[in-house]
Amino acid sequence: MLDQKGKEIQQNLVKWYLKEKRDLPWRHTTDPYHIWISEVMLQQTRVDTVIPYYNRFTKAFPTMHDLANAEEEELLKLWEGLGYYSRARNLQQGVKEVIELYDAKVPNTREQISAIRGIGPYTAGAILSIAYGVPEHAVDGNVMRVLSRLYAIEEDIAKPKTKKIFENLIMIIIDKEDPSSFNQGVMELGATICTPGKPKCLLCPVREQCAAFEQGKTDSLPIKSKKSKVKKITYNGYMLKRSDGKWLVEQREEGLLAKLWQYPLIETNQTNWADLYGITWLEVEKVGEVTHLFSHLKWEIEVFVGKVEVKDAEKFAGRWVTEEELNQLPLPVPIQKMRNLAE
DNA sequence: AATTCGGGGGC
DNA sequence: GCCCCAGAATT
């Protein structure tokens with residue numbers, strides 16, 4: 001049941017949001033498809049990073065049919081550099097589902113929208129509340145941090161089970177008249193005022209309602225357990241150029257960076273791989289090293305540039321492309337780093 | 001419940 | 001360095 005504190009938080013937050021909200025591209029629309037795109041891009045990704053991608057993407061695929069009919073390569077090229085590339089493929093699949101099952105109208109119930117590929121608990125609530133005004137929770141990292149401070153909740157927000165506490169709490173204090181502004185207001189507060197380090201409490205519209213502020217716990221909340229450190233993998237990376245000026249590249253299969261293209265990367269403990277490509281070395285030179293940090297692992301690549309010839313077309317694997325063709329392929333950032341190094 | 005998915009910005 | 005970001009899918 002909504003108590004006095006909840007009511008004050010609700011009112012102060014919505015009022016503050018309507019006055020102070022940032023002018024963001026996806027705040028000029030309530031088209032559920034466009035809201036959907038923005039929410040997928042914003043998963044684990046900062047607003048400032050997303051803005052140019054969102055603008056390019058909605059221009060390239062203004063309707064769900066445009067996205068449904070897009071080639072995977074064009075899709076991934078537009079996503080290049082944004083990371084978590086399965087988001088792009090899941091989004092396209094989800095759009096196809098909506099076209100097939102719902103006549104190209106994004107459903108407006110949590111049950112139906114949650115069944116769509118790539119739409120989890122957070123994104124479901126975000127689309128429902130922002131595009132349709134449905135009072136549903138949309139709990140992300142911002143929301144957990146803000147609420148853990150407002151209510152001095154000491155549960156470990158890294159544990160999946162803890163999220164239910166915040167979802168239940170949001171369903172109580174959400175503004176049923178304007179769930180869009182309420183949900184976005186909580187996130188906006190978390191992004192701009194109630195930040196992880198050094199929160200700007202003196203500017204906070206709900207400071208009077210904040211248990212952590214009252215108890216001097218804004219620095220110790222939320223409580224979040226740390227995750228394990230990254231594994232290291234070392235590669236030799238080969239930028240191989242044929243006499244006609246074409247480069248050897250290959251497409252990654254599944255898992256990490258699925259469907260993106262790369263120069264051959266050979267784990268340093270492997271040997272005799274050149275047979276796979278039917279290659280004869282003419283000249284090879286080490287040009288430097290590239291390191292790249294992912295969330296859960298670290299790549300260290302020794303970069304070689306070589307002139308080669310193909311000696312056995314039957315064994316051919318990979319694809320030889322011109323510089324221009326290479327520019328059309330979606331390339332992961334560590335591969336772009338290799339290109340920059342070799343110039 | 002734990003792991004796998006990218007990349008960048010802030011301190 | 002370390003943290004964490006408008007998380008979801010898989011195991």
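In what follows, chains are A, B, ... by sequence order, proteins preceding strands, each numbered from 1. None of these values were measured; they are calculated from a predicted model.
Of the candidates A/Leu76, A/Leu75, A/Asn69, A/Leu75 is the only one forming a side-chain contact (heavy atoms from CB on, under 4.5 Å) with A/Gln92.
Counting non-hydrogen atoms under 4.0 angstrom, A/Ser38 reaches nothing in the nucleic acid. A/Val40 comes within 4.0 angstrom of nothing in the nucleic acid, heavy atoms only. Using a 4.0 Å heavy-atom distance criterion, A/Arg27 is classed as a base contact.
Not counting sequence neighbours, the partners of A/Glu188 by the side chain to side chain donor-acceptor pair (under 3.5 Å) test are A/Arg22, A/Arg27. Remark: A/Arg145 engages A/Asn142 in a side chain to side chain donor-acceptor pair (under 3.5 Å) (not counting sequence neighbours). Contacts of A/Tyr54 classified as ring pair (Phe, Tyr, Trp, His ring centres under 6.0 Å), with partners at least two apart in sequence or in another chain: A/Trp26. With sequence neighbours excluded, the residues that form a side-chain contact (heavy atoms from CB on, under 4.5 Å) with A/Ser295 are A/Tyr84.
Across every non-hydrogen atom of A/Ile193 and A/Trp16, the tightest pair is CG1-CZ2, 3.9 Å. When all heavy atoms are compared, the tightest approach of A/Trp261 to A/Leu331 is O-CD2, 3.5 Å. Residues A/Gly6 and A/Ile173 approach most closely at CA-CG2, 3.8 Å, considering heavy atoms.
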Would you be so kind as to tabulate the donor-acceptor pairs closer than 3.5 Å made by side chains of residues 203-216 of chain A, with sequence neighbours excluded?
unit_1, atom_1, unit_2, atom_2, d
A/Arg207, NH1, A/Cys201, O, 3.1
A/Arg207, NH1, A/Leu202, O, 3.1
A/Gln209, OE1, A/Asn12, ND2, 3.2
A/Gln209, NE2, A/Glu8, OE1, 2.9
A/Gln215, OE1, A/Lys217, NZ, 3.0

Donor-acceptor contacts, no H, no angles, side chain residues 117-131 of chain A, under 3.5 Å, sequence neighbours left out:
unit_1, atom_1, unit_2, atom_2, d
A/Arg117, NE, A/Asn90, OD1, 3.1
A/Tyr122, OH, A/Glu39, OE1, 2.5
A/Thr123, OG1, A/Gln43, NE2, 2.9
A/Ser129, OG, A/Gly125, O, 2.8
A/Ser129, OG, A/Ala126, O, 3.3
A/Ser129, OG, A/Asn183, ND2, 3.0

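A/Arg252 and A/Glu250 are not joined by a salt bridge, as no carboxylate oxygen comes within less than 4.0 angstrom of a charged side-chain nitrogen.
Atom CG of A/Asp3 and atom CD1 of A/Ile9 lie 8.0 Å apart (nearest 0.5 Å).
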Which parts of nucleotides 3-11 of chain B does protein reach within less than 4.0 Å, heavy atoms only, written one letter per nucleotide 5' to 3' as B for base, S for sugar-phosphate only and - for none?
-> -SBBBBB--
Pair pattern of DNA chain B in dot-bracket, where unpaired bases get dots and | marks partners in another strand, Watson-Crick or G-U under 3.5 angstrom = |||||.|||||
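A/His28 and A/Asp23 are linked by a side-chain donor-acceptor pair at a separation below 3.5 angstrom, with hydrogens and angles left out of the test. In this model, a donor atom of one side chain and an acceptor atom of the other lie less than 3.5 Å apart for A/Lys337 and A/His292.
In summary, contact between chain A and DNA chain C, defined as any nucleotide atom under 4.0 Å from a heavy atom of the protein, begins and ends at C/dC3 to C/dT10 in the 5' to 3' direction.
Applying a 4.0 Å cut-off to non-hydrogen atoms, the residues of residues 135-159 of chain A that approach DNA chain C are A/Asp140, A/Gly141, A/Asn142, A/Arg145, listed by residue number. For DNA chain C, the residues of residues 105-121 of chain A within the heavy-atom distance limit of 4.0 Å (strictly under) are A/Arg117, A/Gly118, A/Ile119, A/Gly120, A/Pro121, sorted by number.
Annotation: side chain of A/Phe294 is in contact with side chain of A/Trp299 (closest heavy-atom distance under 4.5 Å).
Annotation: C/dA6 and B/dG10 have their P atoms spaced 12 Å apart (nearest Å). Rounded to a whole angstrom, the distance from the C1' atom of B/dC5 to that of C/dC4 is 16 Å. With both ends at atom C1', the span from C/dC3 to B/dG6 equals 15 Å, rounded to whole Å.
For residues 60-85 of chain A, the pairs satisfying salt bridge (charged side-chain N to carboxylate O under 4.0 Å, His left out) are A/Lys77-A/Glu80, with sequence neighbours left out.
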